[in-house]
Amino acid sequence: MNLTERDNQYLWHPYTQHKTSKPPIAIVKGEGALVWDENNKEYIDAIASWWVNPYGHSNSFIADAIYKQLTTLEHVLFGGFTHEPAVVLAEKLMEILPENQQKIFFSDNGSTAVEVAIKVALQYFFNKGEKRTTIIAFENAFHGDTFAAMAASGISFYTQAFQGMFIDVVRIPVPIKGHEQISYTALAQAIKNNKCAGFIFEPLVQGAAGMVMYEPESLDELIRICQENKVLTIADEVMTGFGKTGKTFAMDYLVENPDMMCLSKALTGGTIPMAITTFTQDIFEAFYDEDINKALFHGHTFTANPTGCAAALASLSLLQTSEMQAHIARVHQSHLDFQNHIEKHPKVTTTRVLGVIFALEIKTESSESYYGTLRNKLYDFFIENGVILRPVGHIVYILPPYIISEVQLQKVYEVVEKALEIV
Ligand SMILES: *Cc1c(COP(=O)(O)O)cnc(C)c1O
């Protein structure tokens, strides 16, 4: 039996209906923007393996840092203990995070980073003796698959089986062009009619919704409305963090700062699962007390895993090289050129670019479901042509590793353009 057949015996895959979906492709090797399957077929990883891998597969600089850490101190518990990789990573992050961020809390993935932020927002007001139990979130948001993260997420078929079991969430429209005022009004209403603790948002780009984009000015306005009402703001930068938008963080495009930030995906360059939630000093102080009950009783066994921290430090230093910044600028420019070329195509309704993120929407008769037939047809076409892309309904997006070569990137564009002919 090959790997795909053996997989079928025991494995259960994410977001997969095993009865109707094709068997998974077994990948045996990765290098740069490329991966190879067990039949030696080559694929361009044009979505950086779910947005985690900016610096390329099997990156030897990160691998060396991981090996060195593994053979020095692979792990030690973080309750009552600390270690250099965590301390240095915190210091380095302080240099690049919005200036009001002062405290760093580790967890393991994007969902737990969000879970921590939501729990902190709720306990912040509990500790102050104020009853605020509602969270505000955007329509079609995605914040992860654990319970509080799922409650804040608005993609309904992900969460429909669990309706009625969630914390209170009020949803407001995203301030996309032309809808800014509706969004501001909805936020003000939500705050007026509920006891709101926090507002969580994906800054500037809603990834899982299909790279839906909106302007920094409107997010600034929403944050100001929250500040006036002492509602805590949570920037979920799990997708946007570490260069995807062209700046280190999407929040770097704003004037206002968030109270909390969630980071994961590209944090360790796609090597070791790790996440971080960051906080202002004011939030930390609401938990700082003689009373043990005011502490944050949240933690995960692998909190601040030294090997993960070492991978994150190596990744950060790669991001900060002028070479990597030049790659980001190059990919961005290529996206703009392709946008210019494709936006008038009769089968394209709209295109969007921010940083290394490109998205186009395909003209369809009916409203396409997330995992509908058009989506599957496109997905299969891309795979056949050696490009890994996962369309969201009728939306095709590209979010490649920054180091993707220009030849590889042009091939991705060609395959996307050819795909328009089959729909
Ligand atoms: C992917 C994602 C998450 C969830 O992260 P996981 O590591 O999959 O749990 C949360 N928020 C955003 C914005 C994401 O893109």
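Start at 1 and go down the list; that is how both ligands and their atoms are numbered. Atoms considered below: every heavy atom in the structure, side chains included; atoms not considered: hydrogens, waters and symmetry mates. Numbers here are sequence positions counted from 1.
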Quick check on contacts: which atoms of ligand 1 are under 4.0 angstrom from a heavy atom of [X]?
X	result
H143	10 (C), 11 (N)
G110	4 (C), 5 (O), 6 (P), 7 (O), 9 (O)
M239	15 (O)
G144	4 (C), 10 (C)
E202	13 (C)
S111	4 (C), 5 (O), 6 (P), 9 (O)
D236	10 (C), 11 (N), 12 (C), 13 (C)

*asked:* Does F126, at its CZ atom, have more than 12 non-hydrogen atoms belonging to other residues, nucleotides or ligands within less than 6.0 Å?
replied: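 Open.
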
_Below 4.0 Å, non-hydrogen atoms only: which portion of K265 touches ligand 1? Side chain, backbone, both or neither._
side chain

*Region of F142 engaging ligand 1 - heavy atom pairs below 4.0 Å*: both

*Ion pair present between E361 and R352, side-chain N to carboxylate O less than 4.0 angstrom?*
yes

*Determine, for E414 against K411, whether the closest basic-nitrogen to carboxylate-oxygen distance falls under 4.0 angstrom.*
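Not counted as a salt bridge, because no side-chain N and carboxylate O are separated by less than 4.0 Å.
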
*Judged by non-hydrogen atoms, does W51 sit under 4.0 Å from ligand 1?*
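Yes; W51 lies near enough to ligand 1 that a heavy-atom distance drops under 4.0 Å.
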
*Measuring from D236:CG to M260:CE, what's the distance to the nearest 0.5 Å?*
12.0 Å

*Aromatic ring pairing F105/F279, orientation class (parallel under 30°, perpendicular over 60°, tilted between)*: perpendicular

*Look at the rings of W50 and Y15 and say which category their plane angle falls in: under 30° parallel, 30 to 60° tilted, over 60° perpendicular.*
perpendicular

*If you measure every N/O of S264 against every N/O of ligand 1, is any gap under 3.5 Å?*
no

_Check: T351/Q339 side-chain N/O donor and acceptor closer than 3.5 Å_ = yes

*Heavy atoms, side chains only, cut-off 4.5 Å: are N194 and R132 in contact?*
no

